[in-house]
2 protein chains.
Amino acid sequence: MNLRYAPPAGRSWNVLVAECPSRTSLARIANKWTAMVITVLENGPMRFGDIRSALEGISAKVLTDTLRDLERDGMLTREVYGEIPPRVEYELTPLGRTLIEPLAVLCRWAEQHIPEVLAARDAYDDR
Amino acid sequence: MNLRYAPPAGRSWNVLVAECPSRTSLARIANKWTAMVITVLENGPMRFGDIRSALEGISAKVLTDTLRDLERDGMLTREVYGEIPPRVEYELTPLGRTLIEPLAVLCRWAEQHIPEVLAARDAYDDR
DNA sequence: CTGTATCCAGAAGGATACTG
DNA sequence: CAGTATCCTTCTGGATACAG
């Protein structure tokens, strides 16, 4: 496993290799905002404001940045409707949809294991 | 547990609620270093130096911080052996082991979908 | 309504030197 | 070997104001 980064000539992309682009990709998907955005979009297209309301507490700037990054990496599409007031809808691509289940699992893990995590934290801080 | 937020009776914790502690927990596990550390520890205890070698490019400081946070949240244990030179081993707890599969899936996703992501990125940048 | 443009504080993370 | 300590740079993300 101590191989130097060699792809794309070969086939073995590897997040453990510092220069491998898969590590950048991992950083993008292993991210709390990404997990929440993808999860929230699973049921179909949503408007900017509705996403922002769903992800309670996110700023407009951060949501804009997150959505743009996800669009750039092909995980969602952005459609602007020429209406007044403006309407913009975001929708997962097939590629983005393959992330729904993995990221939903993470969100559920965080929710389901809160008692254990908080207990462990208290125990650690008490010593 | 001294919480500023508790889910309403009969309901579950929810990462979409800003003050819910599950969001902090999500931030910790939805993180590239966490994903790599957990994945690398799946086969059993490992020494600090071996983990650092496996996660090519991580600094001692960042690895120390990451391991301490994971220990604090009950996902791994840290055992110090009174030897010269020192030996310290990190091992996943049962709680930590429940993260192996979800996080390994993320790492595999990042590796397997690199061609699509890079293609999408090029297409986006070209317009 | 859906952003952009700034500015700024704090967190994350790297480099280097050093210790038990 | 397994860290600490320190310093420094970069990135993240919040606040505010404003535009189309």
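Convention: sequence-line order gives letters A, B, ...; per-chain numbering from 1.
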Between [X] and [Y], what is the shortest heavy-atom contact and its length?
X        : Y         : result
Leu41(B) : Tyr90(B)  : CD2-O, 3.6 Å
Ser25(A) : Ile114(B) : CB-CD1, 3.9 Å
Asp73(A) : Leu95(A)  : O-CD2, 3.8 Å

Subject >> Among Val40(B), Thr66(B), Val62(B), the one residue meeting side-chain contact (heavy atoms from CB on, under 4.5 Å) with Leu55(B) >> reply: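 That would be Val40(B).
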Subject >> Identified side-chain contact (heavy atoms from CB on, under 4.5 Å) counterpart of Ile58(A) within the set Met36(A), Arg52(A), Lys32(A) >> reply: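 Answer to the side-chain contact (heavy atoms from CB on, under 4.5 Å) test with Ile58(A) among Met36(A), Arg52(A), Lys32(A): Arg52(A).
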Original post:
Rounded to the Å, how far apart are Trp33(A) CH2 and dG13(D) P?
Top reply: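 Computing the Trp33(A):CH2 to dG13(D):P distance gives 7 Å.
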**OP:** Rounded off to whole Å, could you give me the CZ-to-P distance for the Arg68(B) and dG3(D) pair?
**Re:**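 In whole Å, dG3(D) P and Arg68(B) CZ are 9 Å from each other.
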**OP:** Name every residue in residues 76-92 of chain B that has at least one heavy atom under 4.0 Å from any atom of DNA chain D, in order of residue number, or write none if there are no such residues.
**Re:**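 When residues 76-92 of chain B is checked for heavy atoms under 4.0 Å from DNA chain D, the hits, listed by number, are Arg78(B), Pro85(B), Pro86(B), Arg87(B), Val88(B), Tyr90(B).
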Subject >> Distance in Å, Met75(A) CE paired with Glu116(B) CD, rounded so as to fall on 0.5 Å steps >> reply: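 That separation rounds to 9.5 Å.
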Original post:
Among residues 35-56 of chain A, which contact DNA chain C at a heavy-atom distance under 4.0 Å?
Top reply: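 Heavy-atom contacts with DNA chain C come from Arg47(A), Phe48(A), Gly49(A).
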Subject >> Nearest-nucleotide 5' precedence on DNA chain C, Asp65(B) against Ala60(B) >> reply: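 That would be Asp65(B).
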**OP:** Could you tell me from which nucleotide to which nucleotide of DNA chain C, 5' to 3', there is an atom under 4.0 Å from chain B heavy atoms?
**Re:**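 Nucleotide range in contact with chain B: dG13(C) to dG20(C).
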